[in-house]
Amino acid sequence: MADITVSLPDGSTRQLPTGSTGADLAASIGKRLARDAVVAEVDGRAKDLDAVLLDGETVRIVTVQDPMAAEHLRHSTAHVLAQAVLDLWPGATFAGGPAIENGFYYDFELPDGGSFTDEDLIRIDARMREIIAADQPFERFELPLDEARSLMADHPYKQAFMDLAANGDDADGEVSSSDAFGDGVISFYRNTPEFVDMCLGPHVPTTGRLANFRLMRHGGAYFRGSEHNPMLQRIYAVAFPTAAELESYLTQQEEAAKRDHRKLGVELDLFSFPEEVGSGLALFHPKGGIVRRLMEDYSRTRHEEAGYEFVYSPHITKADLFETSGHLDWFADGMFPPMELDVPETDDAGDRTDGTSYYLKPMNCPFHILIYRSRMRSYRELPLRMFEFGTVYRYEKSGVIHGLTRVRGMTQDDAHIFTTKEQMGDELGSILVFVLDLLRDYGLDDFYLELSTRPPGKAVGSDEEWTEATEALGSVAESMGLELVLDEGGGAFYGPKISVQTRDAIGRTWQMSTIQVDFQLPQRFDLTYVGSDGERHRPIMIHRALFGSVERFFGVLVEHYAGAFPAWLAPEQVRILPVADPHLDYAHECAAELRGHGFRVDVVAADETLGSRIRRAKGEKVPYVLVVGDDDVAHRTVGVNPRGGEVERNVPLVSFAERLRGDVESKS
RNA sequence: GCCCGAGUAGCUCAGUUGGCAGAGCAGCUGUCUUGUAAACAGCAGGUCAGGAGUUCGAUUCUCCUCUCGGGCUCCA
């Protein structure tokens, strides 16, 4: 009866009756495999388990334990979400619903322009669990385009996907999981007589296989991600193959919420955003001010050692400068509107006179260029490295402002390096080493790099320049031995860039530093240097920010450390608590001695119980609490209560000072 | 900018057919003098984000503005 032979991943073969499916194969191998099977991978392509196998195919059964399984489970759960919403909102229509990292989403348009509420998510969740309990099959079928259109007659967004496919215009399609287009036919999956979704598949055999999901939030989303399209209502969910994975994800989310720098910023009295100042404009309080100053001071020291020269530039400048730089052509939307000085008015003769516009600077580069251009430059001066903590202002759209990580006023640790073409490769290499070194000192040591190449369409600079710069960046990136992700066409029009992505203590990634090659500005400002041949040459400019912005980096550090800054950055390193009033003088003596070593120390007198004062110090995440009582006064010792450690009694003050010195020097 | 939601004491939050504004913590003043994560008592604290409107009367209902949160788009 064995009419077909299929190969298995271990190289063995298996014979099955003609017409057998992936599910049949799994069942023939083992009960457990059949139970855990999600989809079949046939000759490297994922297919439904009930797809008929052909002679000679290589088949792998993808089980819930397989890393590939999650994507299919998520996507299948998205269909259940769609069915639930279409059930509950007669007249609603749906667009796309792909699997994404950790889960999936689905976009809908509700009748009369409605939108979802938090309560709706509860109803939808309940309906989804009914659908899952009903163990509905996912039945695949295919239709020619015209029949597909009439089946989806009530669903304009599905029609739009068909149009895109018919025009072959799906190149940029982010919403790709809904393209259900094979060779001139369109595939669908039917769960019930009423519910059919257009989809390429594959899916799990039945809805009963789905369980471990949670609807997370709802929000608006433009159709196909373009602000020129209608806004749909999106529901996000997370989903995992097992309940344990779902649980662990949700726990991690709670942990992340506890680290939120906006929350900790208030609790630890670090910074605030008063409504009176304006959206996206931060005030740093004294404690935040200490942390920030320490970050900046250390950065200055390291830049000085690395051969950077320090420059300063004003916050506002005449419009002409940004005309020349091109900012007003391509960045005007991101700039605050101009201040009109010497306002145009009618002069004595009745003619209008022109005023002068000043702009808040959105970037520092034009100023550094003017410093470069202030006199003739020799090749002997290059590479010339200019550094500034430059405060810039950008008119970010109101919906994007977010704590310290997205603001309207920020200070960049900005450097511009002018090099010869020949020096560029070496210089890029040493910049990258410098950047990564410094980030490690701030406690971030898990990186990957992203290389953004020439954007399609118009870009400044010759092909040779782009190739040369991109290759230089690429080889420098590779020499770091770090993971390198290619961001094809993601560069600015004036040059390619490397961005450093860092993972924090709980695995989230943040874009930090960028290193960008610029062919554009040296041309626009006609920058030159005199080479050894006595001729003038055009330098290349490298833009480089390490923190990105001091504000963002500050926010990332708060979250990375969950507010518990290492001793070298902590606003208050030591808090000394006398057990009772008679020990107060000794506490102050200890404080004076530690301050003499350059440590930041406070004393809190015994107005409250010791337990209460310790609790407060712990809440404020002070690295060391020292308790001093009778024994300590007698022997010049302290009781050391370290953050996250065990209490030690009778520690000589000098030993403690050494310990703290060690923490500070090792930045731990 | 767009879709949705929210804004009550420094912080976390109560407050319904529209009728004088509430708690805990923090703060201040006393008392307590404490050996490692919450002593006790009292006091003070508010134009209920701001502005218009409806109403005899608005924290509550309507509209506008500002700010914040979750998304989209964008980005350091």
Side-chain angles (χ1 to χ4, degrees), chain A residues 105 107 109-110 113-120 174 216-236 260 262-263 266-267 269 272-281 331 333-334 362-363 392 394-408 410-414 492 499-500 510-514 516 543 545-553 555-556 577-584 605-620 625-632 638-643 646-650:
Chain A
Y105 66 78
D107 288 340
E109 188 174 73
L110 299 183
S115 53
F116 296 110
T117 66
D118 293 351
E119 290 70 35
D120 289 339
E174 294 299 317
M216 298 297 282
R217 42 182 147 263
H218 54 92
Y222 296 112
F223 179 56
R224 300 189 73 240
S226 166
E227 58 191 321
H228 305 297
N229 287 338
M231 180 154 288
L232 304 176
Q233 300 301 319
R234 176 172 296 178
I235 292 178
Y236 280 97
D260 191 316
R262 296 166 299 181
K263 180 179 149 75
V266 175
E267 286 175 9
D269 198 15
S272 62
F273 289 94
E275 193 174 330
E276 294 87 334
V277 178
S279 182
L281 299 168
F331 202 71
D333 287 349
M363 295 188 190
V392 299
R394 297 185 185 173
Y395 192 74
E396 298 291 346
K397 290 193 279 184
S398 62
V400 307
I401 293 180
H402 182 91
L404 286 174
T405 61
R406 198 71 186 277
V407 293
R408 283 182 171 161
M410 61 172 151
T411 300
Q412 297 181 307
D413 60 330
D414 209 2
S499 39
V500 179
W510 304 86
Q511 182 184 324
M512 308 264 41
S513 321
T514 58
Q516 189 145 11
H543 303 246
L546 192 158
F547 292 158
S549 78
V550 178
E551 287 79 1
R552 171 177 289 182
F553 196 73
V556 171
L577 307 178
V579 171
D581 284 348
H583 315 118
L584 183 59
D607 293 335
E608 298 171 81
T609 60
L610 184 61
S612 159
R613 285 175 290 151
I614 286 175
R615 182 170 192 269
R616 185 195 308 262
K618 295 292 177 186
E620 294 174 28
V625 177
L626 302 186
V627 175
V628 293
D630 288 335
D631 300 348
D632 300 298
V638 293
V640 179
N641 185 337
R643 186 177 61 201
E646 295 295 313
V647 172
E648 291 173 53
R649 291 286 300 271
N650 308 313

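Below, read A as the first sequence line, B as the second, and so on, with proteins coming before strands; counting in each chain starts at 1. Source: prediction; values computed, not measured.
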Would you say a side-chain N or O of A:Tyr105 is under 4.0 Å from OP1 or OP2 of B:C72?
no
Taking only the P atom of each, what is the distance from B:A49 to B:G7 in whole angstrom?
8 Å
From B:G1, B:G70, B:G35, pick the nucleotide closest to the side chain of A:Arg217?
B:G70
Is A:Asp632 salt-bridged to A:Arg649, cutoff N-O under 4.0 Å?
no
If I pick the P atom on B:C40 and the same atom on B:A26, what distance separates them, to the nearest angstrom?
10 Å
In whole angstroms, how far is the P atom of B:C3 from the CD1 atom of A:Ile235?
19 Å
Under 4.0 angstrom between A:Arg262 side-chain N/O and B:G69 OP1 or OP2
yes
So what does A:Gly548 hit on the nucleic acid, given a heavy-atom distance under 4.0 Å: a base, only sugar-phosphate, or nothing?
sugar-phosphate
Sticking with atom P, work out how far B:C25 lies from B:A39, rounded to a whole angstrom.
11 Å
A:Ser226 or A:Leu626: which one's nearest nucleotide on RNA chain B is closer to the 5' end?
A:Leu626
Determine the contact category for A:Ile401: base if any of its heavy atoms lies under 4.0 Å from a base atom, sugar-phosphate if only primed atoms, P, OP1 or OP2 are that close, otherwise nothing.
sugar-phosphate
Candidate pair A:Val627 and A:Ile614, rule side chain to side chain contact (heavy atoms under 4.5 Å, CB included), full reasoning:
CA-CA 9 Å; A:Val627 175; A:Ile614 286 175; 4.2 Å; yes
Give one of base, sugar-phosphate or nothing for A:Val407, where a contact means two heavy atoms less than 4.0 Å apart.
base
Within this structure, what is the CD-to-P distance between A:Glu227 and B:C75, rounded to whole angstrom?
11 Å
OP1 or OP2 of B:U33 under 4.0 Å from side-chain N/O of A:His583:
no
Take atom C1' in B:A37 and the same atom in B:G30, then report the distance between them in whole Å.
26 Å
Can you find a side chain N or O atom of A:Arg643 that sits less than 4.0 Å from OP1 or OP2 on B:A37?
no
Regarding the side chain of A:Ile614, the nearest nucleotide among B:C75, B:G71, B:A37 is B:A37
For A:Tyr236, report the nucleic acid contact type (base, sugar-phosphate, nothing); a contact means any heavy atom under 4.0 Å.
sugar-phosphate
Under 4.0 Å between any heavy atoms, over every strand shown, what does A:Gly399 touch: base, sugar-phosphate, or nothing? Just pick one.
base
Less than 4.0 angstrom from a charged side-chain N to a carboxylate O is my criterion; do A:Arg616 and A:Glu620 meet it?
no
Nearest-neighbour nucleotide for the A:Leu610 side chain, B:A76, B:U36, B:G7 considered:
B:U36
What's the NZ-P distance between A:Lys618 and B:U36, to the nearest Å?
13 Å
Compare side-chain N and O positions of A:Ser398 against OP1 and OP2 of B:G1 and report whether any pair is under 4.0 Å apart.
yes
Could you measure between the two P atoms, the one in B:A6 and the one in B:A14, and give it in whole Å?
13 Å
For the side chain of A:Val627, counting heavy atoms from C-beta on, which of B:U33, B:A76, B:U36 is nearest?
B:U36
Watson-Crick or G-U wobble mate for B:G5, both contacts under 3.5 Å:
B:C68
Separation of B:G10 C1' from A:Glu275 CD (nearest whole Å)
16 Å
In terms of side-chain heavy atoms of A:Lys397, which of B:G1, B:G35, B:A38 is nearest?
B:G1
Which nucleotide, if any, forms a Watson-Crick or G-U wobble pair with B:C75, using both distances under 3.5 Å?
none
Side chain of A:Val400, heavy atoms from C-beta onward: which of B:A26, B:G1, B:U67 has the nearest atom to it?
B:G1
Of the nucleotides B:C4, B:U36, B:G71, which one has an atom closest to the side chain of A:Met231?
B:G71
Mind checking the C1' distance from B:G45 to B:C11? Whole angstroms is fine.
13 Å
Which heavy atom in A:Phe223 sits nearest to a heavy atom in A:Asn229, and how many Å separate them?
O-ND2, 2.7 Å
Would you indicate what A:Glu396 reaches in the nucleic acid, counting non-hydrogen atoms under 4.0 angstrom: base, sugar-phosphate, or nothing?
base
Atom-to-atom span, CD of A:Gln412 to C1' of B:C75 - whole angstrom
12 Å
Start at the 5' end of RNA chain B and walk down; is the nucleotide closest to A:Gly619 or to A:Asp118 reached first?
A:Asp118
Quote, to the nearest angstrom, the P distance that separates B:U65 from B:C2.
10 Å
Nearest-angstrom distance from the residue atom CD of A:Glu267 to C1' of B:G10:
13 Å
Does the side chain of A:His583 pick up a donor-acceptor pair with the side chain of A:Asp630 at under 3.5 Å?
yes
Test item: side-chain donor near acceptor, A:Tyr236 and A:Arg234, under 3.5 Å:
yes
Could you work out which one of B:A38, B:C4, B:A76 sits closest to the side chain of A:Ser115?
B:C4
Looking at B:C63, which nucleotide sits across from it as a Watson-Crick or G-U wobble partner, both distances under 3.5 angstrom, or is there none?
B:G51
Using Watson-Crick or G-U wobble geometry with both distances under 3.5 Å, which nucleotide pairs with B:A39?
B:U31
Strand partner of B:G24, provided both Watson-Crick or wobble distances fall under 3.5 Å
B:C11
Residues A:Asp118 and A:His218: side-chain donor-acceptor under 3.5 angstrom:
yes
Distance, rounded to the nearest Å, where A:Arg615 contributes CZ and B:G35 contributes C1'
19 Å
Would you indicate which nucleotide in B:G35, B:C68, B:U73 comes nearest to any side-chain atom of A:Ser279?
B:C68
Per atom distances to the A:Tyr222 side chain, the nearest of B:G27, B:G1, B:C3 is B:G1
Side-chain N or O of A:Ser549 versus OP1/OP2 of B:A76: is the shortest distance under 4.0 Å?
no
Could you check whether A:Arg616 gets within reach of a base, just the sugar-phosphate, or nothing at all, counting any heavy atom under 4.0 Å?
sugar-phosphate
Checking base pairs now: Watson-Crick or wobble, both atom distances under 3.5 Å. What partners B:A44?
none
Say we look at B:G19 and B:U31: how far apart would their P atoms be, to the nearest angstrom?
44 Å
